[in-house]
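The figures here come from the full heavy-atom set of this structure, side chains too, leaving out hydrogens, waters and symmetry mates. Letters A, B, ... are given to chains in the order of the sequence lines, protein chains preceding strands, and every chain is numbered from 1.
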2 protein chains.
Amino acid sequence: MRDIFSQSTPIVFPKFEEKLRGALPDLPRLEAQVAQYMILNVGDLSFETGVSISEKVGVSEVTVSRLLRRLGYRGMRGLKRELRDELFDREPIQEGNEGAREVPEGMTRNMDLEYQALGEIYQQRASPLWGQIVQTIVEADRVYVTGFQAVRGMAEDCARRLGMTRGNVRFLAAHDGMLTEWLKWGDEESEKPSRCLILIDVVPYAREASILSGICSKEGHSLIVFTDEMCHWARNYTDLVIYASTRTGLILESTVAITAALNLMVNSVAGHYSTSLTERLDQWKTYTRALRLF
Amino acid sequence: MRDIFSQSTPIVFPKFEEKLRGALPDLPRLEAQVAQYMILNVGDLSFETGVSISEKVGVSEVTVSRLLRRLGYRGMRGLKRELRDELFDREPIQEGNEGAREVPEGMTRNMDLEYQALGEIYQQRASPLWGQIVQTIVEADRVYVTGFQAVRGMAEDCARRLGMTRGNVRFLAAHDGMLTEWLKWGDEESEKPSRCLILIDVVPYAREASILSGICSKEGHSLIVFTDEMCHWARNYTDLVIYASTRTGLILESTVAITAALNLMVNSVAGHYSTSLTERLDQWKTYTRALRLF
DNA sequence: GCAATTATGAAATATAAATTACATTGCGGG
DNA sequence: CCCGCAATGTAATTTATATTTCATAATTGC
């Protein structure tokens with residue numbers, strides 16, 4: 001059995017610890033003891049409960065409760081919420097220190113997370129799964145790309161760029177005739193071309209996403225999903241899922257990692273068509289030049 | 001060893017994860033979803049409660065409870081206890097071969113360039129220019145966002161996200177009635193509201209970009225440009241230019257850095273409205289939920 | 001050393017979490 | 001098409017957790 005005042009785990013909550021240490025001298029005796037215990041066991045704290053702490057320290061639960069309120073937390077629940085927030089280093093939104101310009105110092109963590117998210121993408125890029133995904137796209141007769149809400153535009157761009165590397169790529173617009181586009185692209189019903197849907201979705205997930213996924217698996221089409229680390233449903237429909245972290249400490253989620261993943265994907269696919277690619281790009285440039293509608 | 005799919009926190013529970021993954025294929029649909037969520041969020045798990053998980057995944061609490069029992073845990077409490085144990089007697093450190101990022105040869109250079117491009121964005125983020133840009137956006141009565149070709153979708157998303165942080169943001173669509181939208185937004189012609197255009201463009205630059213820029217400076221509207229390192233014309237019209245490198249060795253140019261810049265911009269603006277932001281976001285979520293058009 | 005203040009715990013209460021029992025749905029096999 | 005089982009949810013119940021109230025003990029200031 002571990003000692004009551006056991007060692008601390010590698011997990012740290014700097015803000016929380018500092019706050020506690022700062023308050024320590026002014027705290028009543030027993031509450032200080034409790035605080036001390038918390039400092040020594042920050043890493044475990046999320047597993048504890050009011051009583052469990054009070055038992056280990058040898059005080060009554062009320063004391064723990066009171067300490068927390070004195071520190072400005074709203075009870076054990078509140079503490080855990082704040083700790084969790086700190087774990088992801090997101091400022092509580094309502095707290096807003098508007099006057100204070102966000103200093104670059106506060107941004108370094110965000111940058112690290114962004115770097116890390118990018119790194120994870122490149123790792124996935126190196127996995128066999130990636131090869132499967134590229135293969136699937138290359139082999140499909142027709143490719144559809146779709147995305148919703150805050151990543152809809154990204155999906156459009158992705159379709160555009162993918163369309164530069166190979167033919168038969170279409171963006172699927174939600175709502176307006178989505179299924180029409182999906183169902184009758186060509187005129188020949190006879191040959192039944194193989195189809196592949198690339199789906200991009202992040203929290204809060206769109207209902208359309210899982211509906212479309214359902215259709216896909218039912219119809220036997222390939223499905224590739226680019227989503228964030230919170231997504232729990234994608235795996236129900238396909239193994240071809242790329243997870244891009246969106247939690248980087250910004251108020252709104254970050255789309256950088258997903259963008260990177262999509263870029264890499266387009267690039268990989270492009271690699272398969274490298275011979276015909278240059279002429280295709282030239283062709284595209286000619287088109288856009290010709291289209292000077294202004 | 002950190003798994004590709006795990007989230008960004010360093011907390012890992014190998015045994016637990018393995019167990020879950022192993023069980024995954026044989027699990028009932030919804031329970032599998034819950035399991036999936038748990039795998040993707042191991043680091044958070046100690047903060048969760050039965051209900052909180054069930055809510056996030058969208059199942060009832062009983063399902064979570066049942067999953068746990070099926071896995072051999074004695075409910076949420078039991079799970080946490082075992083997780084805590086695992087956290088505690090996990091081998092000191094797996095320093096060993098962990099450092100080695102598994103990124104294929106040809107990709108490391110690309111990744112470095114991407115990192116570098118990101119770094120440059122964060123540098124600009126720290127410059128006084130950034131403050132000016134944010135200021136300009138915050139002060140403008142009306143904000144327009146536009147982008148062309150391969151970054152058009154990005155501009156749309158940017159407009160959407162910016163629109164979540166403040167009102168009066170519009171995406172300007174090229175070609176179809178662009179100027180109409182631009183010229184008469186409101187009804188009151190009298191007061192002449194201040195306007196700000198955010199323009200996103202990369203090679204090959206669209207003709208529309210400089211034309212619009214011209215209009216802007218002539219009409220006295222603010223102009224902010226996000227572009228790539230090759231852009232020669234933006235400075236002719238405004239000082240408020242953010243340069244994001246797009247040359248990262250991919251066959252098609254990378255849009256990652258621009259995405260990062262736009263994300264940061266939206267975030268900075270959001271910081272100025274932090275008080276009203278939460279309710280605005282809630283409102284937005286309610287809207288999208290209500291709009292279940294399918 | 002005596003009031004006034006503060007700290008603390010016991011018991012009661014309120015709130016939340018987890019489990020159980022039962023009802024409903026949906027799906028595959030005959 | 002119906003049966004029956006497995007999956008899932010609802011509502012009731014039990015259990016745990018947190019908070020309030022109040023009485024008592026400790027401490028402080030004078």
Enquirer: With nearest nucleotides of DNA chain D determined for B:E61 and B:D26 from heavy-atom distances, which residue corresponds to the more 5′ nucleotide?
Expert: B:D26
Enquirer: Roughly how many Å is it from CZ in B:R74 to C1' in C:dT19, rounded to a whole number?
Expert: 13 Å
Enquirer: Is there a side-chain contact between B:M164 and B:V266, using heavy atoms and a 4.5 Å cut-off?
Expert: no
Enquirer: Quick one: bend of the helix from C:dG1-D:dC30 to C:dG30-D:dC1 from 5 pairs per end, to 10°?
Expert: 30°
Enquirer: Report yes if the side chains of A:T238 and A:V225 come closer than 4.5 Å at any heavy-atom pair, otherwise no.
Expert: yes
Enquirer: Is any side-chain nitrogen or oxygen of A:R29 closer than 4.0 Å to OP1 or OP2 of D:dA26?
Expert: no
Enquirer: Taking CG from B:L68 and P from C:dT20, how many angstroms apart are they, rounded to a whole number?
Expert: 13 Å
Enquirer: Is A:K80 close enough and on-axis enough to A:F47, meaning under 6.0 Å and within 45°, for cation-pi?
Expert: no
Enquirer: Between C:dA7 atom P and A:L30 atom CG, what is the distance in whole Å?
Expert: 11 Å
Enquirer: From CZ of A:R77 over to P of D:dA16, roughly how many Å is that when rounded to an integer?
Expert: 15 Å
Enquirer: Looking only at side-chain atoms of B:V51, point me to the closest of D:dT20, D:dT17, C:dA17.
Expert: C:dA17
Enquirer: Below the 4.0 Å mark, does D:dA18 have OP1 or OP2 next to a side-chain nitrogen or oxygen of A:T49?
Expert: yes
Enquirer: Establish, from distance only, whether the side-chain atoms of B:N263 and A:T255 form a donor-acceptor pair under 3.5 Å.
Expert: yes
Enquirer: Flag the pair B:E48 / A:R84 as yes when at least one side-chain heavy-atom distance between them is below 4.5 Å, and no otherwise.
Expert: yes
Enquirer: Do A:C158 and A:M265 come within less than 4.5 Å of each other through their side chains, counting heavy atoms only?
Expert: yes
Enquirer: Below 4.0 angstrom from OP1 or OP2 of C:dT19, is there any side-chain N or O of B:S65?
Expert: yes
Enquirer: What's the closest nucleotide to the B:V62 side chain, out of C:dA10, C:dT8, C:dT20?
Expert: C:dT20
Enquirer: Can you tell me how far C1' of D:dA26 sits from CD of A:Q33, to the nearest Å?
Expert: 15 Å
Enquirer: So among B:L30, B:L79, B:V62, B:V34, which one has a side chain to side chain contact (heavy atoms under 4.5 Å, CB included) with B:L67?
Expert: B:V34
Enquirer: Between B:V59 and A:M76, name the one whose nearest nucleotide on DNA chain D is closer to the 5' end.
Expert: B:V59
Enquirer: Measure the distance from CG on A:L67 to P on C:dT6 and round it to the nearest whole Å.
Expert: 18 Å
Enquirer: Measure from CZ on A:R66 to P on D:dT21 and round the result to the nearest Å.
Expert: 12 Å
Enquirer: Just how far, in rounded Å, is P of D:dA7 from CG of B:L27?
Expert: 9 Å
Enquirer: If only side-chain N and O atoms of A:R69 are considered, is one of them under 4.0 Å from the OP1 or OP2 phosphate oxygen of D:dA18?
Expert: no
